[in-house]
Number of protein chains: 4
Amino acid sequence: MPKKVDREAKKEKILRAAMKIFARQGIAETKMETVAEKAGIAKGTVYEYFKSKDELLQMAFNYLIVHMNSLVRQRMAEFQEPEEKLKAGFLAYVDIESLNLNDVAQILPDLWSYGIRQKENDGDMAFDMNLIYVQYRELLGGALRKGMENGIFGQIDARAASSALMAAGDGFYLQWMADRKNFNLKKSAETFIELFMRGIKTR
Amino acid sequence: MPKKVDREAKKEKILRAAMKIFARQGIAETKMETVAEKAGIAKGTVYEYFKSKDELLQMAFNYLIVHMNSLVRQRMAEFQEPEEKLKAGFLAYVDIESLNLNDVAQILPDLWSYGIRQKENDGDMAFDMNLIYVQYRELLGGALRKGMENGIFGQIDARAASSALMAAGDGFYLQWMADRKNFNLKKSAETFIELFMRGIKTR
Amino acid sequence: MPKKVDREAKKEKILRAAMKIFARQGIAETKMETVAEKAGIAKGTVYEYFKSKDELLQMAFNYLIVHMNSLVRQRMAEFQEPEEKLKAGFLAYVDIESLNLNDVAQILPDLWSYGIRQKENDGDMAFDMNLIYVQYRELLGGALRKGMENGIFGQIDARAASSALMAAGDGFYLQWMADRKNFNLKKSAETFIELFMRGIKTR
Amino acid sequence: MPKKVDREAKKEKILRAAMKIFARQGIAETKMETVAEKAGIAKGTVYEYFKSKDELLQMAFNYLIVHMNSLVRQRMAEFQEPEEKLKAGFLAYVDIESLNLNDVAQILPDLWSYGIRQKENDGDMAFDMNLIYVQYRELLGGALRKGMENGIFGQIDARAASSALMAAGDGFYLQWMADRKNFNLKKSAETFIELFMRGIKTR
DNA sequence: GATGAATGAGCATTCATTCAT
DNA sequence: GATGAATGAATGCTCATTCAT
């Protein structure tokens, strides 16, 4: 019998290693060999788990999507009030720390580039950035609409408002990455969501 | 002097060509030869004007910075009232169309990646993303502070507020690039700035 | 002893599988893993029976030699008359069908290449193409000489004549492989041997 | 202005180098770098002239076809009598020496393999072995039919006879390659064609 | 014996850059 | 200045072989 290996665990280990290198060096500059080293295995072994560099990339993309999405849902579920729900959702969107993906955050702009291009060239749905936005708009929009029904929020365009929240979230990420030491991601987000809600609340 | 002008013109032509290819194919996938073709010259000639692919990149980065900055300044200068100034500044930030850089927008995420990484690795200031943010914070912050002095805006953290505006701007770009056909960049920005200003204005 | 038999049977099974794949995909393009799959075993197991891909190749070579040789001998033994013997030998040489090696025939040119090169480089006798020719020349030459003694065949160079027969046989193979559908191997061979014998028979 | 280079000449130089290496080492074992070295250039330069190893192969194939074909035509044109024409054609078919391709001959079995496989897999016409046979059948068949009309040759199947001649030619090659030192290709061919013509000539 | 996970040497190909003309 | 031929370092990926279980 061959060595018994938890293939799923190993696969995730490689993926994690890859994400770190992607983040640190950029996708194009990432060598498969470096990924292997980081994962503590030989070059060839990576290919036992992932067909190609591209597949590794796709998986990284998915990994982030899934985990971020799940965090947002979970945090929103903790609250009943639309106001709190919305706030929790937005803050979770930006709470990369809780995902233990601190050193992986920088992969985002690369994935954005990749996602945008992929779509334009291949129409490859596996990488559709927009899908993410659609999902989040749904999530945040739900809270917004509830708030409007309850009369807590004024009549606003829920789609536009959720888009704005996501936009701010992404933008804050960017500024944080541009200057991690001095830019306080969490605080900026909190300040913003307060301001934002003041803007949409009745009263 | 005509010599000099010609040289500058040709250099810009190459730069423009490069930006288009960078945008369309991504930086890593862009071949110097393709740039040359697009610029209507021979491969070797690119090197008469730019030392390396990296310099071409730096120049592209600068080109965008300078032009966007100048547009924002100019638009803000057209108004006196802090409220209008702020609005004009934000909308200009997002008005890529006026820069005739429509087909170049997609270069942004790539430049973001590059800028972030450059800083972390080389500490290369030529690519400091943060510089841009500092500049814009200055610009928008000026209008905000003026408004607070005038009692138009409530007492808020000007730095945080400008950051939020830039964040939203960048984020809107992203959503627009992810789905150009259905996402209305201009309208989203306008809706947002109204909402935002409602949040900071004194009654 | 059943152990021994099983082992031999399995070995042949693998060899047969290998030959099929060699024939279908070419030697260089044949992966050990594919061979294993075809044989219904795991990759590593192939190595329990064959030291290396090269050994597999050698064995395939031998397998063909031995089986073809044996067929030719057997068919020739069925006749007494030199004329019939010669004809039977030539037709057997070309009767790949009877060897149940129809789908393996295409391996021949590969083995020829291999054999020729092997000799020039390593002087490896295990692969000596020429050995085959020497054997067949012996076999066919025997019938020819007998025929000359009997006065059935004119005085000819037996070596040259057997060479010619083998040459034609190999060549017909080639044409058949190049166009299996339209080239009738058997008929071509029969027509040829008649013609050939007319050339060497005394009136 | 760039270095002036006779691209066609250089291309042929590379092709010749490649053919030599293909012949000596076998196609699969041939490294592009070795080809480059043999041609006295750098690895990358090969790719300036040939898109890929496969293209190099195709070109080698064509090169042989064209040159062999032209030699045969030329030699046959030197004679009027069908008998001489046929003999000249056959001997030219086998006269690799006159093509200055002595050290390239061994490439043939590899090309045969390749050609046969190519056809079965891709249906790639660029490599159709059969095309060659069709051409030669035409050429030799012409002389045969003329001879039959003239009553020099008996009524035989021209197609079958030309096939047989080509078969013998290819087969002699093979034996010669298997044992260059002892096998006299030219003499074998001459002996054979005499014998063959004796078989088809009317008394 | 059998397995299949792991390995790493090996190779085709790309492309930024150089430089002779 | 402009050109494009030449270069060779760099890299993704393959696959024969090994070996722990």
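This structure is a prediction, so every number in the text was calculated from the model and none was measured. Quick note on labels: first sequence line is chain A, next is B, and so on, each numbered from 1.
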Which heavy-atom pair separates [X] from [Y] by the least distance, and what is that distance?
X	Y	value
A/F61	A/I132	CZ-CD1, 3.9 Å
A/T30	A/I21	OG1-O, 3.4 Å
B/M129	B/I116	CG-N, 4.0 Å

Distance, rounded to the nearest Å, where [X] contributes [atom1] and [N] contributes [atom2]:
X	N	atom1	atom2	answer
B/K31	F/dT11	NZ	P	17 Å
D/M32	F/dT11	CE	P	21 Å
D/E29	F/dC15	CD	P	14 Å
D/K53	E/dG10	NZ	C1'	12 Å
C/E55	F/dT17	CD	C1'	14 Å
A/I14	F/dG12	CD1	C1'	16 Å
A/K11	E/dA5	NZ	C1'	15 Å
C/K10	E/dA2	NZ	P	4 Å

From A/M177 atom CE to A/L108 atom CG, the distance as rounded to the nearest 0.5 Å: 5.5 Å
Give DNA chain F the dot-bracket treatment, 5' to 3': Watson-Crick (N1-N3 with N6-O4 or O6-N4) or G-U (N1-O2, O6-N3) under 3.5 Å, [ ] crossing, | other strand. .||||||||||||||||||||
Distance alone, cut at 3.5 Å: any donor-acceptor contact between the side chains of B/D54 and B/Q58? yes
Has [X] got a side-chain atom pairing as donor or acceptor with [Y]'s backbone, closer than 3.5 angstrom?
X	Y	answer
A/K38	A/M19	no
C/R16	C/A39	no
B/K13	B/G40	no

5' precedence on DNA chain F between D/I41 and C/E33 (nearest-nucleotide basis): D/I41
Applying a 4.0 Å non-hydrogen cut-off, can you work out what A/T30 is touching in the nucleic acid: base, sugar-phosphate, or nothing? sugar-phosphate
If you take any heavy atom closer than 4.0 Å to DNA chain F, which residues from residues 42-51 of chain B end up in contact? B/A42, B/K43, B/G44, B/T45, B/E48, B/Y49
Contacts of type ring-ring contact (aromatic ring centres under 6.0 Å, His included), residue A/Y63, not counting sequence neighbours: A/H67
To the side chain of B/S52, which of E/dT17, F/dC15, F/dA2 is closest? E/dT17
Is the shortest side-chain N/O distance from B/R7 to OP1 or OP2 of F/dG1 below 4.0 Å? yes
